[in-house]
There are 2 protein chains.
Amino acid sequence: MDERGSTPGVTLEDVARRAGVSPSTVSRILNGTARVRESKRRAVERAIAELQYQPNVIARGLARGHTMSVGVITPHIASPFYNETLTGIEDSLAKAGYSPLFVSGHGNLAKEVERVALLVARRVEGIILLNSMMDDEALLNCSQRLPLVTTGRHLQGPRVTSIQLNNEQAAFEATWYLIELGHTRIAHIAGPAHNIDAQERLAGYRRALLQAGLPVDERLIAVGEFHEASGLMALNQLLETRQSFTALFIANDQMAYGARLALYRRSIRVPEDVSLIGFDDLPSSLYTTPPLTTVRQPAYDLGHAVGEAMLRMINGQPVSQPDLPLSLIVRESTLRRRD
Amino acid sequence: MDERGSTPGVTLEDVARRAGVSPSTVSRILNGTARVRESKRRAVERAIAELQYQPNVIARGLARGHTMSVGVITPHIASPFYNETLTGIEDSLAKAGYSPLFVSGHGNLAKEVERVALLVARRVEGIILLNSMMDDEALLNCSQRLPLVTTGRHLQGPRVTSIQLNNEQAAFEATWYLIELGHTRIAHIAGPAHNIDAQERLAGYRRALLQAGLPVDERLIAVGEFHEASGLMALNQLLETRQSFTALFIANDQMAYGARLALYRRSIRVPEDVSLIGFDDLPSSLYTTPPLTTVRQPAYDLGHAVGEAMLRMINGQPVSQPDLPLSLIVRESTLRRRD
DNA sequence: CTGAAAGCGCTTACAG
DNA sequence: CTGAAAGCGCTTACAG
């Protein structure tokens, strides 16, 4: 194996000279865009090997008019959830020779707008926005010059498509599972009100209660910000209302961690005293004490679908919604109600 | 605010024509590379605004001979630890107008070598390798054509520098803290033997015991793979040796999570029965039950230093080792020994 | 099948 | 101060 990689500095012209052909011919061989006499092909291939030539993707992009790159804006490059998705995007794009340009929006509108500009300056061929902070109108505007794929919202247009999972149904099933376990007082820690995923999960929670003929008690619903600290605070808040509950459906795992710690602080046992269900199935949820029952998001597959959608848009092909099932992973934070 | 960003398709020539000057002049104004008559400057600036012109970074890169991008290879783009570091890299690079190209090495040599080639094809001006799988020789080879900055190893050369934290000292301090708490039987779960960080942490653990006059019992040292599952297995293994211990220093937080679960399964209480110290201070370590005492790595600052080092190398300036202190964060998984 | 030439969108000596 | 020209490393009609 040769880890030395290729030699920058060697150009297509060097190859042409060495092989005794014109640059055009080398280019054609490289791209398989026309048949070339076998002897020349061999000479060129040898020259390429000897010189360790590797085409300059940048120059090729300029000449061809496309950069073979797509921008990906993440809310927080540091978030544990999105990374799986990023890997999925990277893999699907790679198959078509495209590279993702990952930049972080830092969960901040101004920053995000600035990043879009940066990506445009780099002439990406499309932009993927994971749970963008921009409103629909701004996104629609963006899509006029660049194909867009987004997650976490419902937006369809000629040059924009949203890949969305069925959060509502998954939340319904999670809540329903608690109901089946005999729980009737089920609290919910929701995500931020403006967040679509949060809204859908809340809706699924409500539908399950309704369908089971249970009352929806608004005092049992607290709102967090999708991070641990807010889960902890939301739980404390719930406890302060003095409304009893024996189970909790929490809109994401990070908040569930916070809630779990709040319970630990008050010596409320999980799952004996209260059952817990999260959402996301982060890698560490398998190792919380007790391991967390949660809804698994197909994060990698989502990324893959997003990448595929982008590729199709770039090529002007129609894109359809993929079917990406969410599934309840039952572990040890839930228990049949007993009293 | 205008979220529409700029208009691709508008070229510098369009601006020149509209402003009634030559492209050269527009370029000079854009780059501040020469003084231009005030009236022309104003005309050009107006044209730029009206056309919403944004320079094509790619074309500029081709012309200037540099791409303003540096490649960053991460072991696992999905790892919770590296993301902070990536943000630091991104920020420091951004200040100089550089963009990082993040790619995942997938913790796999062949993949990593492939990624290096991809980055070279994109003509990055340097490559940052976070805990690379390549051996020193391969890295040295790489550095012959591209400046390299690495972490997690000791490597210095004309075009390669390693930014390394003092893991040994931090591990020493963590272990020493346990000793101060009165623990004498302290077990260790080490990282993979080939990993330099792991070696250093093990060395620090050993030095603390030695310095305290405590015996180093090899049966109290288990080896994991830096992920949760291996921490769980390592702890089980430790238990099977039937060597008693009242405290554990674990080479990273993820393994500490696994170990903590193993203890939970056997109803061994933390910290009453055994104290636990991890390494990394992942965001979720503040929310484990109990919150984990651990060594904080300045992950963001490390990334920042790495980015700075790369910039200096690109500019041919000398780079010096930054002073990045690790610190023990005492939380609730450690307790004075009592028996 | 294959070469010479023009062009992608910039920058930068080179001459005024 | 400023324009015309050449060049960065490729690709791709255009003519053989």
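If you're wondering where the values come from, they're calculated on a predicted model, not measured in any experiment. Computation of the quantities below employed the complete heavy-atom set of this structure, encompassing side-chain atoms and omitting hydrogens, waters and symmetry-equivalent molecules.
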Participant: I'd like a table of atom pairs between the protein and nucleotides 13-16 of chain C - only N or O on both sides, under 3.5 Å - with the distance next to each one.
Facilitator:
from: dA13(C); atom 1: N6; to: Arg28(B); atom 2: NH2; distance (Å): 2.9

Participant: Just how far, in rounded Å, is P of dA6(D) from CD of Glu13(A)?
Facilitator: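 Distance, rounded to whole Å: 16 Å.
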Participant: Without swapping roles, check the side chain of Thr85(B) against the backbone of Gly303(B) for a donor-acceptor pair under 3.5 Å.
Facilitator: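 Side chain of Thr85(B) to backbone of Gly303(B): no pair is present.
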Participant: What interatomic distance, in whole Å, is found between P of dC10(C) and the corresponding atom of dC14(C)?
Facilitator: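 Pairwise P distance, dC14(C) against dC10(C), rounds to 24 Å.
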Participant: Which comes earlier along DNA chain D counting from the 5' end, the contact point of Ser22(B) or that of Asn31(A), where each point is its nearest nucleotide?
Facilitator: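 Its nearest nucleotide being more 5', the pick is Ser22(B).
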Participant: Output the single nucleotide from dG3(D), dG7(D), dC8(C) whose closest atom is nearest the side chain of Ala63(A).
Facilitator: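 My answer, after comparing the listed nucleotides, is dC8(C).
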Participant: Whole angstrom is fine here: how far is it from NE2 in His66(A) over to P in dT12(D)?
Facilitator: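 Nearest whole value for this atom pair: 8 Å.
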Participant: In whole Å, what is the span from the CD1 atom of Ile29(B) to the P atom of dC1(D)?
Facilitator: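 Spelled out: CD1 on Ile29(B) to P on dC1(D) is 12 Å.
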Participant: Donor-acceptor check, side chain of Ser132(B) to backbone of Leu129(B), threshold 3.5 angstrom: yes or no?
Facilitator: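 Not a single qualifying donor-acceptor pair exists.
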Participant: Measure the distance from CD on Glu38(B) to C1' on dC1(D) and round it to the nearest whole Å.
Facilitator: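 From Glu38(B) CD to dC1(D) C1': 13 Å.
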Participant: Taking only the P atom of each, what is the distance from dC1(C) to dA5(C) in whole angstrom?
Facilitator: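 Taking atom P in both dC1(C) and dA5(C), they lie 23 Å apart.
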Participant: With respect to the side chain of Leu62(B), which nucleotide from dT11(D), dT2(D), dC8(D) is positioned closest?
Facilitator: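 Within the option list, the nearest is dC8(D).
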Participant: With no hydrogens and no angle check, do the side chains of Gln164(A) and Thr151(A) hold a donor and an acceptor under 3.5 Å apart?
Facilitator: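 No, Thr151(A) and Gln164(A) have no side-chain donor paired with an acceptor closer than 3.5 Å.
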Participant: Would you kindly give the CD-to-P distance between Gln54(B) and dC10(C), to the nearest whole Å?
Facilitator: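 Computing the Gln54(B):CD to dC10(C):P distance gives 10 Å.
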Participant: Contact class for Thr11(A) vs. all strands (heavy atom < 4.0 Å): base, sugar-phosphate, or nothing?
Facilitator: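 Sugar-phosphate only.
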Participant: CD1/Ile314(A) to OH/Tyr98(A) distance, rounded to the nearest 0.5 angstrom?
Facilitator: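 That separation rounds to 4.5 Å.
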Participant: Report yes if a side-chain nitrogen or oxygen of Lys40(B) is closer than 4.0 Å to either non-bridging phosphate oxygen (OP1 or OP2) of dT2(D); otherwise report no.
Facilitator: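 Answer yes for this pair, as a side-chain N or O of Lys40(B) is under 4.0 Å from OP1 or OP2.
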Participant: Do side-chain atoms of Asn31(B) reach the backbone of Ser27(B) as a donor and acceptor pair under 3.5 angstrom?
Facilitator: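 Side chain of Asn31(B) to backbone of Ser27(B), a donor-acceptor pair under 3.5 Å: yes, one is there.
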Participant: What I'd like to find out is whether the side chain of Pro322(B) reaches to under 4.5 Å of the side chain of Ile163(B), using heavy atoms alone.
Facilitator: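 Of all side-chain heavy-atom pairs linking Ile163(B) with Pro322(B), at least one is under 4.5 Å.
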Participant: Using modelled atom types and a 3.5 Å cut-off, is there a donor and acceptor pairing between side-chain atoms of Asp14(B) and backbone atoms of Thr11(B)?
Facilitator: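 It does hold such a pair.
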Participant: Would you mind reading off the distance between Ile58(B) atom CD1 and dC8(D) atom C1', rounded to a whole angstrom?
Facilitator: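 Nearest whole value for this atom pair: 13 Å.
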Participant: Does any donor atom in the side chain of Arg122(B) or Ser69(B) lie under 3.5 Å from an acceptor atom in the other side chain?
Facilitator: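 No, no side-chain donor-acceptor contact under 3.5 Å.
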Participant: Please report the interatomic distance CG(Leu101(B)) to CZ(Arg123(B)), rounded to the nearest 0.5 Å.
Facilitator: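 It comes to 13.5 Å.
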Participant: Under a 3.5 Å cut-off on both pairing distances, which runs of 3 or more consecutive Watson-Crick or G-U pairs involve DNA chain C?
Facilitator: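 As far as DNA chain C goes, consecutive pairing (with distances under 3.5 Å) yields the stems C:1-3 with D:14-16, C:5-12 with D:5-12, C:14-16 with D:1-3.
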Participant: For the salt bridge (Lys or Arg N to Asp or Glu O under 4.0 Å) test, which of Asp136(B), Asp135(B), Asp197(B) pairs with Arg153(B)?
Facilitator: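 Exactly one pass, corresponding to Asp136(B).
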Participant: Nearest-Å distance, CZ (Arg122(A)) to C1' (dG9(C))?
Facilitator: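 Answer to the nearest Å: 15 Å.
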Participant: State which of dT2(C), dG9(C), dC1(D) makes the closest approach to the side chain of Val36(A).
Facilitator: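 Ranking dT2(C), dG9(C), dC1(D) by closest atom to the Val36(A) side chain puts dT2(C) first.
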Participant: For Arg60(A) and dT12(D), what is the distance between atoms CZ and P respectively, to the nearest whole Å?
Facilitator: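 Rounding to the nearest Å, CZ of Arg60(A) and P of dT12(D) are 9 Å apart.
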